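Keep in mind it's a predicted model, so treat the numbers as computed, not measured.
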Amino acid sequence: MSKSMICSCEDVTADDVRHAVSRGYCDVESVKRYTGFGTGICQGKSCLSAVAALLEQEKALKADAVVPFTPRPPLYPTELRLLATAPVDESQPPVGGVPQEVDVFPKGLRPTEPLPAKAKVVIIGGGIMGLALAYNLAREGETDVVVLERGYLCAGASGRNGGGVRMQWGTPALVELAKRSIDLMKGFARELGINVWLRQGGYLFLARTDAVAKRLERNVALHNRFDVPTRLVTPDAARDIVPGLTMKGCVAASFNPEDGVIFPWPFLWGYAQGCRKKGVRVETYTEVTGFDVSGGQIRKVKTDRGDIACDTVVLASGAWSPEVAKLADVQLPNEPHRHEILSTEPLKPFLGPLVSVLDSGLYFSQSMRGEIVGGMGDPKEPAGLNMGSTLRFVSRFAQALMEQLPHVGHVKVLRQWAGCYDVTPDNNPILGRTPGLDNLLQMSGFVGHGFMMAPAVAERMAKWMCTGESDELFTRFNLRRFSEGALEREDMIIG
């Protein structure tokens with residue numbers, strides 16, 4: 001075994017890169033996520049060229065496809081207390097962001113082999129929803145499935161979130177789904193052979209106003225009905241749970257010790273690996289360009305690699321779902337909204353739960369590697385497919401974090417990035433059949449929490465598709481509810 005070091009920050013060797021290639025992760029972005037190279041202190045400054053050269057040497061890619069991964073600000077590790085001094089005009093919406101284009105993929109990465117001419121099920125979107133559904137369909141015996149992903153695995157929101165998984169929701173349906181999902185996550189490594197680093201340190205929600213405190217109190221009663229051990233805690237008790245927490249401006253808190261955090265990237269890889277083992281085709285760098293529609297049915301899915309005739313199409317493209325739906329003349333009410341996130345240098349473990357100030361949208365946790373990972377919603381963020389990073393975000397986040405944990409001001413931010421929430425008018429998903437287009441199934445609109453709902457939703461949707469058994473989930477959250485006015489609003493949304 002070669003001990004040739006490629007990335008000294010993350011202890012990645014040349015053999016680690018070769019192993020990633022052997023598993024099908026051949027482009028630089030995918031190798032970065034599979035091995036962790038380029039995510040350390042130097043952010044790839046000393047290892048990126050070496051990995052690119054090795055990929056070309058291994059003939060993993062054509063020369064024109066060996067391109068660098070997307071650079072992330074800040075240029076150099078920068079202390080939170082310095083970033084907090086950047087001026088922010090809260091009266092104005094955020095604009096721009098760097099890099100400006102993070103979802104443009106080189107044509108050289110497009111696979112050259114043909115797609116199958118026909119499949120029983122085509123799933124559009126290779127994020128956590130699409131992959132989890134494909135895997136569960138295969139478990140039900142339906143393996144004639146093709147998953148289409150326009151970029152690399154983890155390119156979208158499924159690879160850009162903070163990894164939080166919680167049962168603390170405001171509606172019974174989501175509480176039940178989240179509880180089932182966390183149960184499935186506990187057995188993920190055993191079933192799919194990959195560790196997702198589930199750490200059940202809890203979620204500690206903080207309330208700054210009496211109105212939010214009453215919401216937490218109401219939800220505790222709901223959670224307890226479903227045997228979820230959420231409890232209200234006083235500010236002093238919250239400080240006992242997280243030593244060093246100031247609770248400044250906070251009047252109440254709720255805590256469920258069974259909520260937690262997982263590592264997003266292997267969650268996707270596990271499902272993708274499970275799909276391929278069961279015979280499901282997972283096709284990356286393949287963009288859907290249109291549909292053949294006749295007689296109220298989608299007959300073919302058109303892509304930049306050819307057409308696929310199909311019996312059923314599932315739209316699981318997250319924030320991109322409205323754009324794809326328009327290709328079939330379907331209007332979805334979803335809107336994409338950018339949410340930014342960052343990661344710091346690793347620290348010794350000190351933070352048990354994920355902490356969120358529900359009023360402001362601030363959240364932060366500590367990863368298994370020791371980094372503080374967190375984000376914060378921006379009420380001025382306009383709708384749009386924007387995944388650039390801003391100084392405005394990191395300044396607002398640093399100020400809000402240091403207000404609650406002042407001792408972390410010296411900690412350095414290594415990188416920041418952004419993903420898109422897929423927002424619906426009632427903060428609930430869109431599931432089930434499309435009115436007027438019976439074989440187009442919807443699986444989107446999860447408003448930033450699809451990642452934690454995917455195992456349970458996919459399990460139920462696969463059974464519903466394969467057996468035809470009735471399931472109220474796919475009527476409760478059907479697209480028709482928006483025209484019929486049958487809305488049930490979810491109010492436990494972070495950000």
* Structure fact -> Rounding to 0.5 Å, atoms OH (Tyr363) and OH (Tyr203) come to a distance of 8.5 Å
* Asked: Quick one: CZ on Arg299 to NZ on Lys118, what's the gap to the nearest 0.5 Å?
  -> 11.0 Å
* **Centroid-centroid distance, Phe350 to His407, less than 6.0 Å** => yes
* Asked: Does NZ belonging to Lys45 count more than 12 external heavy atoms closer than 6.0 Å?
  -> yes
* To do: Evaluate the side-chain proximity of Glu29 to Phe69: yes if any heavy-atom separation is below 4.5 Å, no if none is.
  => yes
* If the plane angle is over 60° it's perpendicular, under 30° parallel, otherwise tilted; pick one for Trp269 and Tyr34. => tilted
* **Exercise: do Glu191 and Tyr135 side chains pair donor with acceptor under 3.5 Å** => yes
* By side-chain hydrogen bond (donor to acceptor under 3.5 Å, both in side chains) - contacts of Ser395 (at least two apart) -> Gln399
* Asked: Does Phe446 have its ring centroid less than 6.0 Å away from the ring centroid of Phe477?
  -> no
* Asked: Quick one: does NZ or CZ of Arg166 land under 6.0 Å from the six-membered ring centre of Trp169, within 45 degrees of the ring axis?
  -> yes
* Per the side chain to side chain contact (heavy atoms under 4.5 Å, CB included) rule, which among Leu115, Val146, Thr289, Val313 passes with Val301? -> Val313
* Answer with yes or no after comparing the ring centroid distance for Phe267 and Phe263 against a 6.0 Å cut-off, counting only values under it. => no
* Structure fact -> Hits for side-chain hydrogen bond (donor to acceptor under 3.5 Å, both in side chains) against Arg415, two or more places apart or cross-chain, chain-then-number order -> none
